[in-house]
Amino acid sequence: MDTEKIVQRLGITGPIQGVYAGGWQDATGEELTSVNPATGETIATLTMATRDQYDAVTRDAVETFQEWRMLPAPKRGEYVRLIGNALRDVKPELSALVTLESGKILAEGEGEVQEMIDIADFAVGLSRQLYGLTMTSERPRHRMYEQWHPLGPCGIISAFNFPVAVWSWNALIAAVCGDTNIWKPSLRTPLSAVAVTEICHQVMAGSGFEGVFNLAIGTDDEVGSAMVNDTRVPLISATGSCNMGRIVGPAVLKRMGRPLLELGGNNAILVMDDADLDLATRGATFAAVGTAGQRCTSLRRLLVHSDVIDEMTSRLIDVYKQVRIGDPLERQTLMGPLISSNAVDQMMTVLEIAQGQGGEVVYGGNRLDGFPGHFVEPTLVRISKDAPIVQEETFAPILWVIEVDDLSDGIAVQNGVRQGLSSAIFTDSLSNAETFLSHMGSDCGIANVNIGTSGAEIGGAFGGEKETGGGREAGSDSWKSYMRRQTTTINWGGDLPLAQGIEFV
Ligand code: UN1
């Protein structure tokens with residue numbers, strides 16, 4: 001499929017605008033070029049939003065909210081169902097665009113669009129299940145219950161590595177909850193955001209609810225800071241680095257808004273001496289090499305029991321040798337490029353630091369200069385658990401292979417980082433597995449057994465603890481973040497008994 005066809009099929013024609021406020025607007029901000037990280041070639045150029053245009057987008061989102069919230073939730077779900085169907089129709093093209101812009105391999109681009117379809121289905125079901133609890137009142141002839149109301153326009157800041165799926169976790173659930181959305185996507189993957197907004201536009205056109213899914217592509221100065229500080233936007237859901245979260249979180253809290261943060265991880269797999277090493281090798285390879293190590297759930301640290309570390313390392317080296325690197329659009333490719341030349345430089349710097357701290361590169365470690373894009377080798381480094389560099393998240397396919405003594409040492413090392421997103425243990429022992437999952441075990445938001453750290457299903461709540469930011473998105477009861485809870489007590493008797501037995505005239 002060539003780029004021209006993909007873009008046409010997705011309805012991205014004519015001058016591309018980075019502003020959607022209930023309809024496409026003529027953007028007047030700076031020009032932005034979308035570049036294919038596998039080739040360095042320009043895919044397209046578009047115009048970004050100015051601060052004033054962000055303001056107009058938000059005005060529209062506020063206005064549409066007044067009407068959208070009045071539509072019964074199952075009817076809102078009906079629109080989301082149509083969006084899910086529209087995504088099914090263009091899955092090949094949207095997946096290819098995600099691959100072109102982000103560099104992830106096609107199978108993962110398809111997985112990402114499938115993740116949107118899955119969340120659409122989930123949100124449709126949810127639209128009939130926004131349940132509140134009923135409590136028993138301590139007072140006679142009183143009824144107590146809680147209900148969930150829409151919150152308002154939600155600001156969504158998304159990252160390049162999941163250019164569309166993470167938006168859908170937020171926007172499609174927020175939509176059935178009765179909220180409208182303002183999307184500020186990564187400036188590295190703007191076309192994917194334009195394509196998804198156009199899909200929503202086509203579904204919503206003529207409904208009167210065109211302003212549910214809005215877009216403001218812009219710089220942090222023009223759009224980001226305006227949105228984060230905007231009291232009209234009660235929720236800011238931000239995906240990105242811990243450093244970004246450290247700016248966004250406090251700014252939103254300062255105005256008593258609600259931050260929903262999905263930040264960095266430093267994910268580990270603990271491989272015990274009783275693990276199925278074949279399974280562990282496969283699980284670790286997908287988690288570390290998938291998306292070229294650029295998922296927030298990517299495996300960074302492989303903590304291996306001392307009895308099996310040599311065997312595990314040599315198995316990994318054998319598999320790493322077979323990883324086909326190249327054009328992410330080619331079906332046989334397993335690893336595409338990094339997102340930018342900066343990312344490559346950063347990986348090389350981190351490897352140098354690691355070597356200075358006693359790390360030994362046992363596989364890879366090089367940039368691949370023969371390619372036009374930003375390609376590197378997937379890399380394995382044997383390193384001590386005490387090396388300071390393993391504390392940092394590097395968005396690259398570097399896997400630190402670290403020796404641990406036993407289960408409790410492994411758990412201590414797994415937990416001994418500032419981030420707390422995803423974790424896993426490979427073991428055939430029920431006791432090891434349950435210990436890892438117990439309150440004495442992993443401190444992460446995600447803890448798996450005999451599965452890698454990445455590739456979570458949408459049905460569970462997604463997010464992590466500590467510097468990962470504490471937010472939960474996607475499945476389970478994450479929808480509650482997009483609504484406000486109201487506790488209601490109704491007195492249907494003729495007296496006015498007070499709670500806690502207080503007597504007052
Ligand atoms: C992310 O990297 O920001 O669990 C999200 C996973 C994907 C989502 C990753 N379902 O790897």
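Remember, it's 1-based here, ligands and their atoms both numbered in the order they're listed. Index from 1, following the sequence.
- The pair E377-K321 does not meet the salt-bridge criterion, since no charged nitrogen lies less than 4.0 angstrom from a carboxylate oxygen.
- Closest non-hydrogen pair, R324 versus Q332, comes out as NE-O, 2.6 Å.
- Within the cation-pi definition used here (under 6.0 Å to the ring centroid, within 45° of the axis), K104 does not qualify as a partner of F160.
- Ring geometry, W479 versus W148: the interplanar angle exceeds 60°, so the pair is classed perpendicular (tilted spans 30 to 60°).
- When only modelled atom types and interatomic distance are considered, N267 and T453 share no side-chain donor-acceptor pair under 3.5 Å.
- At a heavy-atom cutoff of 4.0 Å, ligand 1 is surrounded by E115, N161, F162, W169, E262, R295, C296, T297, S454, G455, A456, F462.
- A salt bridge links R418 with E392: the distance from a Lys NZ or Arg NE/NH1/NH2 to an Asp or Glu carboxylate oxygen falls below 4.0 Å.
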